[in-house]
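Naming convention: chains lettered A, B, ... in sequence-line order (proteins, then strands); numbering from 1 in each chain. Computed from a prediction, not measured in an experiment: that's the story for all the values here.
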Number of protein chains: 2
Amino acid sequence: MNCSLARALNDVGDWWTLLIIRDAFLGAQRFSEFQRSLGLARNTLSDRLERLCAADVMMRAGTPARPLYSLTEKGRALAPALVALQQWGDQFASANLPPVVVTDRCGRPLPRLKVVDQDGAEVDPEGLRFAPGPGADARTHARFQAHARFRPTPAFRS
Amino acid sequence: MNCSLARALNDVGDWWTLLIIRDAFLGAQRFSEFQRSLGLARNTLSDRLERLCAADVMMRAGTPARPLYSLTEKGRALAPALVALQQWGDQFASANLPPVVVTDRCGRPLPRLKVVDQDGAEVDPEGLRFAPGPGADARTHARFQAHARFRPTPAFRS
DNA sequence: CTGTATCCTTAAAGATACTG
DNA sequence: CAGTATCTTTAAGGATACAG
C-alpha cells in the first residue's frame, strides 16, 4: 500500500505488538518479563519479537541463550504514538480514571499531546488536511485530483 | 485489562479500523467511499463501522437507507495518535518520502508531534516513566511495588 | 531460561449472491 | 446504494510438550 499509515500498522498494528513495545518502554528486557507481564502464549511472543527485530523496531543483545530485548531508535520514535494512544484510552476508555499514567522522569504526569502547526498553534481535528507527499506515485496523485480525496480543501472550495 | 492502552487498542487496534478513521478524517462519509478507497470486503467494512459506532468513535446520520458516517468527538480526539503513527511511518517505513503528508488547513505540512512535559520541554523517550493512576486497582499497585515495573525510577534507583 | 515444534480450536477475511 | 447471508479458506492464538 502506498500509505505510511498502512506501513506503520504493518509493523506495529497488531494487538500484542504495541503492548510489547510499551513494556519495553517500561524497561522490560527479558522474554519472560514480557511473557509474564502480558500473559500471551510463548510462541506468539516469540513471533512478535522476531518481527519487531526484523522490522528494526527492537534489537537483540545479551547472549543467544539469554537475550536482552530493547528498543532501537526507530522503536523509541514510537513514543509520541504510544503516548497519544494511551492518553486517548485514559480519557475515553477509562473515564478519566486511568490505571496507569505516563509521566516524565520526575513522576509528573504529562499533558495531552497536541497537534500543532509550524507556528506552534494548535490544529483542531477539523483543520487537518492531507496532500500528496514527495513519495506520491501516479495513483496517489490521481486520487487526490479525482475528488480532492473526498473533501475539498479550502483552496478548492473557494 | 486494567490498562488504557489495551482499551484503546480494543476500540481501534485493528488493521482496518485506523485506516477507516483516517478516511473519515479525510472526509469520507459513505459506505461506498470507504469501500472503494480501502478495497476491503463489504462484510468486513460493515462490521467495522458497526463496532466504531457502538464504541462511539463514529456516528451514523443521514437516512437509514443512505447513512452518512462521521467521527464523533471521541473519534476526532484520535487525531494526535493518528498523526503520530502516520509521521512515524513517513520517517521510518517510507524513508522520509511519504506518499501523503498531513497538513494544516492551509496545506502546510505539520511538524512532528512531540512529547512535552508540563513546562513545555520536550521529553525524550528515555525520560518516559509510568506510575499508578487514579484508576489503579490493587493488582496494578502490587505490580508497581513488586519491581517498580521492570525499571527503577530515579527516585528508587538513588 | 528461551525458545521451537505440534496440535487444536476459533476467529477473521474475502468472494459471491442476494435483499430492501 | 447499503448492506446481509452464506460459504470457504486462511491465519492467528493458546496449550502443551520438548530441546538447547
Side-chain angles (χ1 to χ4, degrees), chain A residues 1 3 5-7 9-24 26-55 57-71 146-147 150-151, chain B residues 1 3 5-7 9-24 26-55 57-71 146-147 150-151:
Chain A
M1 258 203 202
C3 164
L5 182 60
R7 289 173 192 164
L9 292 175
N10 205 39
D11 282 352
V12 300
D14 175 85
W15 168 259
W16 289 117
T17 301
L18 274 176
L19 294 173
I20 291 170
I21 290 170
R22 193 226 13 201
D23 273 9
L26 283 161
Q29 298 192 103
R30 297 235 169 262
F31 188 91
S32 55
E33 286 180 313
F34 293 103
Q35 207 262 318
R36 274 198 302 266
S37 167
L38 298 174
L40 80 174
R42 273 208 281 275
N43 40 11
T44 305
L45 175 58
S46 182
D47 176 78
R48 293 303 180 279
L49 289 172
E50 197 66 44
R51 285 171 187 268
L52 284 168
C53 289
V57 172
M58 295 187 73
M59 56 173 295
R60 211 182 298 253
T63 69
R66 293 196 85 223
L68 288 167
Y69 295 97
S70 59
L71 294 166
H147 50 307
F150 306 121
R151 176 173 56 184
Chain B
M1 258 202 200
C3 164
L5 182 60
R7 290 173 192 165
L9 292 175
N10 205 39
D11 281 352
V12 300
D14 174 85
W15 168 259
W16 289 117
T17 300
L18 273 177
L19 294 174
I20 291 170
I21 290 170
R22 193 226 14 200
D23 272 10
L26 283 161
Q29 298 192 103
R30 298 234 169 262
F31 188 91
S32 55
E33 286 180 314
F34 293 103
Q35 208 262 318
R36 273 199 304 266
S37 167
L38 299 173
L40 81 172
R42 272 210 276 276
N43 40 10
T44 306
L45 176 58
S46 182
D47 176 78
R48 291 304 179 278
L49 289 172
E50 196 65 45
R51 285 172 185 269
L52 284 168
C53 289
V57 172
M58 295 187 73
M59 56 174 293
R60 212 183 297 252
T63 70
R66 293 195 86 223
L68 288 167
Y69 294 95
S70 60
L71 295 166
H147 51 307
F150 306 121
R151 174 173 57 183

Hey, does B:R42 reach any base, or is it just sugar-phosphate, or nothing, if we go heavy atoms under 4.0 Å?
-> base
Please work out if B:W15 contacts a base, only the sugar-phosphate, or nothing of the nucleic acid, heavy-atom cut-off 4.0 Å.
-> nothing
Is it the case that B:Y69 and B:R60 place a side-chain donor and acceptor less than 3.5 Å from each other?
-> yes
Does A:F31 offer a backbone N or O that forms a donor-acceptor pair with the side chain of A:Q35 under 3.5 Å?
-> no
base_contact_polar (D:dT6 base, B:N43 side chain, donor-acceptor, <3.5 Å) = yes
Enclosure of B:R30 CZ (heavy-atom neighbours >12, cutoff 6.0 Å) | yes
Quick one: which of [options] gets closest to the side chain of [X]?
{"X": "A:Y69", "options": "C:dG3, C:dG14, D:dG13", "value": "C:dG3"}
{"X": "B:P67", "options": "C:dA13, D:dG13, D:dA2", "value": "D:dA2"}
{"X": "B:S46", "options": "C:dG14, D:dG14, D:dT4", "value": "D:dT4"}
{"X": "A:S32", "options": "C:dC1, D:dG13, C:dG3", "value": "C:dC1"}

Residue-phosphate contact under 4.0 Å: A:R60 side-chain N/O, C:dG3 OP1/OP2 = yes
Ion pair A:R51/A:D47, N-O distance below 4.0 Å | yes
